[in-house]
Amino acid sequence: MSKYLDLDLIEINNLLKNKVITPTDLVLECFDRIEKNKDLNCFITLNKEEALKRAKELEKLEITSLTYGIPIAIKDNIVTKDLRTTAASKMLENFIPIYDADVIKKINDSGMIIVGKTNMDEFAMGSSTQTSYFGHTKNPWNKKLVPGGSSGGSAAAVGSRITPIALGSDTGGSIRQPSSFCGIVGLKPTYGRVSRYGLIAFASSLDQIGPMTRNVYENAVVLNTICGKSENDLTSFNTKEDFTRLIDSDITGMKIAIPKFYVNDAIDKEIIDKLDSVVQILKSKNCTIDYVDIDYIDKAVPLYQIIAMGEASSNLARFDGVRYGYSYEDPENIDDLYLKTRRFGFGNEVKRRIMIGSYLLSGENATTYYNKAMAIRNKMRNSFLDVFKNYDLIIGPTATTKAYKLGADLDDAVKTFMDDILTIPVNMAGLPGMNLPIGFSNDHLPIGMQIIGAPFDEAKIYQLGSFIEKELNLDLNPGGDTNE
Amino acid sequence: MNKYIPTIGIEVHVELKTNTKIFSSSKNGYGQMANSLTNVIDLGYPGTLPTVNIEVINTAIKAAHVLNCKIRRTQHFDRKNYFYPDNPKNYQITEARTPIGYDGYVEIEVDGEHKKVEIEEIHIEEDTCKSAHRGKVSLLDFNRAGVPLIEIVTKPCISTSMEAKLYLEKLRELLFYSDISDCKMEEGSMRADANVSIRKSVSDPFGVKCEIKNIGSISNVKLAIEKEINRQSKLLDSGETFKEQTRRFDDKLDDTVLMRVKETGNDYRYFPEPDIPYIVLTDEMVDSAIKSLPMLPDERRKIYISRGVSPINANKLISNRSLSDYLNKFIDTDLDFMEATNLLLGDISAYLNREEKSIEDTKLTIDKFSDLVKKISDNTLTSKNLKDILDKILEEDKTIDEIIKECGISNITDSSLLNDIVLKIIKDNPDSVNDYKNGKDRALKYLMGQIMKETKGSANPKLVNDILIQELNK
Amino acid sequence: MKDKLTKEEVLHVANLARIEITEEELESYQIKLKELLDQVNTVNEIDDNNTDYLIAPWQNNSEFREDSVGGMLDPKEVLKNTPRKSGNYIEVPVVISNE
């Protein structure tokens, strides 16, 4: 089997330009890898026929971008015209979208080839890819472990080197946490950086699509492709720039903050130790490292629960068996259609979150909880912004643990959110945040750190990230020999 | 007549006259093939997001202005969550908490007295889809889904069915004249709900309120309110109590019919729509929307009457928007409005009705019309002349003078020519001349008739009269 | 404080969300919803009367769409994913009219 897909994008691009290989070679190699890693269950739907057709079409076109001909995996909550999109739910088991998400248009325009739709937690609700209607995904470093979630299929696809690039979505950590579990680079961009049009909404004020890649540079390249104002998304921003521009520029003297909350007792000691060794490297480059307080950061999880589930309960109301998707076959009347379609179409975690969200918005609760949460969210964001007046970046761990066993914590509604206590504040404040692999645990599982930037300052995240990446020079390819 | 005091509040939904829907670029249209005016946003497809039509905001600013409301500068939309098949996303996007207009009024005239019907608020929202019921199923047409609406809510300050009717008529006139809506109740572009309660005395608390939904015409609103007051009065008379309920007006039964008893407080779970950031209106937006408003009916009425048009004709003009707009082009000229109005409502209207045309479709340029009015005012043209040449005036590019010349009636005001004709008639009718001189008025009429006959009716009658008397008295 | 929600409370929420629940689920929701409530209640303990709400993290200048007609779907496409249809219409089990 060829190994072109292990090369970096620049090397692949040169081979394509010199006509050593064609996009078809890359697509075929990718599907070989998909076949070989079938047991990981990274994909819900494959797109082989169309991908090969697209590869042939591309061969007639001029090579204009670094991503030309590169296979990409797309999280299955991003709608793709004529390609089944399920959000990992029975509700959309047979749903064929009739339009493309904004990011899909950009992906296609830049010459990338969509090879399939990746597994995820149902409607992105979960942190382990175990709530999927299509079965769980396995961690490429150890098949008994979860890949993280909700973008677990995308993380495992890139982690196992099936595809060099995947798209994920992140509402409370759904790109960064699985990236940390699978040893890849995953960025949640600033809220508004990437159009959400065509992303099946979980929590509208928190959701953001982002790139998941093998290294920092390629992450920046993909963000270059997918970012920008869309006339379809009023919350998107016009901020075209080259995100690779600061990569390789000197980080000496950078001012970096670590929230005190990010080094608490709930976090695995191995993770804190790895972060410490990074801190030592940064100090050796004369970086300032200070520990800071951020208002209400310890309340981020309950605030998130109120806002995310409130919004979710409304966003998922449209799945009612009337216009598309699963529909209960033999309803007695309209209410029966609603009640049974939603009973049988949604999985337990999704139903639980809709129930909670509906409850938190009902009657007086809207004022007691939701309005209050919005006000405190505002204060927390402002506190983050205050930190960025004095510091270039914030760092901390991405997750409190390394990848854990499949089957754990599936039914613990409170515990599932604790996975995300370090990632949720970033969504709440609308900031960009990235997972960067910084080493391995004793049992050789990837450990990640989080780099958080000021709004719209992804370039600086990439600057620091690529510096640490080069210093550490980790071998992040799990290869075939995973510990079973 | 009734021993109870009614309290009435009215909610009106009006579809705005825009090209596209409020949150998508689908056409805002009526009477098209089912589900042909939709896109993925109107259908509530997964992943879709709303965008805000600028014209909806502009139109709502206009509405707030003409209904004398204060205009809120920072607004956000809310989601109103409820399951219903006509509600594609199962939430409706509406300005629940920050209505664009508030604290306004509409002035009506009741029995010669002016009364202000107070407007509580005007808010913007999206229309639902249309459902038709066929036995065991309902059929959904999403063409209407997402059509922009404003809801205009009065305070409970209306005390009679007549006031309600006058309010709705005034409201319709205002909104229609401001280009805000077609206000066609029969097509559903204006829909009214009435909240009615009664009580014994003004010092009592308000009685139990019943809402009559979606009444199809203004006259039915009046009727429905009367029937509802009667129904509630009878219940109270007999000592019965009743619950808050929603009713509809059945025009076959000529009465209100129960739809449902209201549940205790609908739980709509409102929260701010996160897909639409705050909307902030700039001075420029507000000013330019208001500036673009056409002249409103009350001001038109005032101007017409001040320029000699009778109140009846002024109202007739206003009820014909295109004629009123046409006449308004002459406000800054010294055109004789009385004569112009007679012409517009008379021969010109007759022509337009017959030909099923609007005045804008004719060749009646501003210059031609003002020339025509002048020639009628100074008797250059008789009404007979006008009848003969009106079709030509309206259908041909020629000037009035050219048409007059072409039809051979250019010389009728030539007094020397008329003089000759008068002398001829006097000479030919000595008996009548004698009669006149003996004080018989009829003779003068006869002689006039002869002259007109001689000139085939195209002589200027005033001029003929003058010359004739002058000659007879010689 | 009570340690679980009443059945009526849970049923009310299930009805708002239009999710049919089993007797078993009802009982488990009575407890689970309460657990979550206790957790989110810590937000309520924050003494803060700020009413400056954050709706979206970053406020764009108000941006609007020009009022010109764009692409629309063919009725066939509208009905492509529809479970029940009749002619050009989407069909649903009967709704009691409120019109």
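Being a predicted model, the structure only gives us computed values, none of them experimental. Residue numbers begin at 1 in each chain, while the letters A, B, ... track the order of the sequences.
A pairwise comparison of heavy atoms in A:Tyr324 and B:Leu43 identifies CE2-O, 4.1 Å as the closest pair. The minimum heavy-atom distance between B:Asp267 and A:Ser362, with the atom names listed, is OD2-CB, 3.2 Å. Closest heavy-atom contact between B:Pro274 and A:Thr235: O-CG2, 3.8 Å. Nearest heavy atom pair, residue B:Arg79 against residue A:Ser204, reads NH2-OG, 3.7 Å. The two atoms that bring A:Tyr370 and B:Pro272 nearest to each other are CE2-CD, 3.8 Å, heavy atoms only. Summarising the geometry of B:Asn90 relative to A:Ala317, their closest heavy-atom pair is ND2-O, 2.8 Å, with the distance given to 0.1 Å.
B:Val137 does not touch chain A: none of its heavy atoms, backbone or side chain, sits under 4.5 Å away. Interface remark: A:Asn315 contributes backbone and side-chain atoms alike to the contact with chain B (heavy atom separation under 4.5 Å). With a 4.5 angstrom heavy-atom cutoff, A:Leu199 touches chain B only via backbone atoms. A:Ser358 touches chain B through backbone and side chain together, each having a heavy atom under 4.5 Å away. Looking at B:Asp275, the atoms closer than 4.5 Å to chain A (heavy atoms on both sides) sit in the backbone and in the side chain alike. Neither the backbone nor the side chain of B:Tyr268 comes within contact range of chain A; no heavy atoms are under 4.5 Å apart. With a 4.5 angstrom heavy-atom cutoff, A:Ala101 does not touch chain B via any of its atoms. Contacts of A:Asn232 with chain B are made by backbone atoms alone, with heavy-atom separations under 4.5 Å and no side-chain atom involved. Residue contact with chain B, scored on non-hydrogen atoms closer than 4.5 Å, involves the backbone and the side chain of A:Tyr197 alike.
For the atom pair CG (A:Asn371) and CZ (B:Arg97), the distance works out to 5.0 Å, reported to the nearest 0.5 Å. To the nearest 0.5 Å, the span separating CD1 on A:Ile306 from CZ on B:Phe271 amounts to 13.5 Å.
Under the 4.5 Å side-chain criterion, counting only non-hydrogen atoms from C-beta, B:Pro277 is in contact with A:Leu234. Proximity of A:Tyr338 to B:Pro85: side-chain heavy atoms (C-beta onward) are separated by under 4.5 Å at one or more points.
For B:Lys27, the NZ atom is loosely surrounded, since the number of other residues' heavy atoms within 6.0 Å does not exceed 12. Under a cut-off of 6.0 angstrom, the local environment of CD in A:Glu332 is sparse, with at most 12 non-hydrogen atoms contributed by other residues, nucleotides or ligands. Other residues, nucleotides and ligands place more than 12 heavy atoms under 6.0 Å from the CD atom of A:Glu93.
In terms of heavy-atom pairs under 4.5 Å with chain B, the best-connected choice from A:Ala201, A:Ser314, A:Pro97 is A:Ser314. The choice from A:Ile200, A:Asn365, A:Asn77 that makes the most heavy-atom pairs within less than 4.5 Å of chain B is A:Ile200.
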Let's go through A:Arg196 and B:Leu49 carefully: what are the C-alpha distance in whole Å and the side-chain angles of both, what is the deciding distance for side-chain contact (heavy atoms from CB on, under 4.5 Å) to 0.1 Å, and is it a yes or a no?
CA-CA 8 Å; A:Arg196 291 183 294 117; B:Leu49 299 170; 3.9 Å; yes
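Side chain of A:Tyr99 to backbone of B:Thr48: a donor-acceptor contact under 3.5 angstrom is found.
Counting only N and O atoms by type, the side chains of A:Arg318 and B:Tyr45 include no donor and acceptor under 3.5 Å apart.
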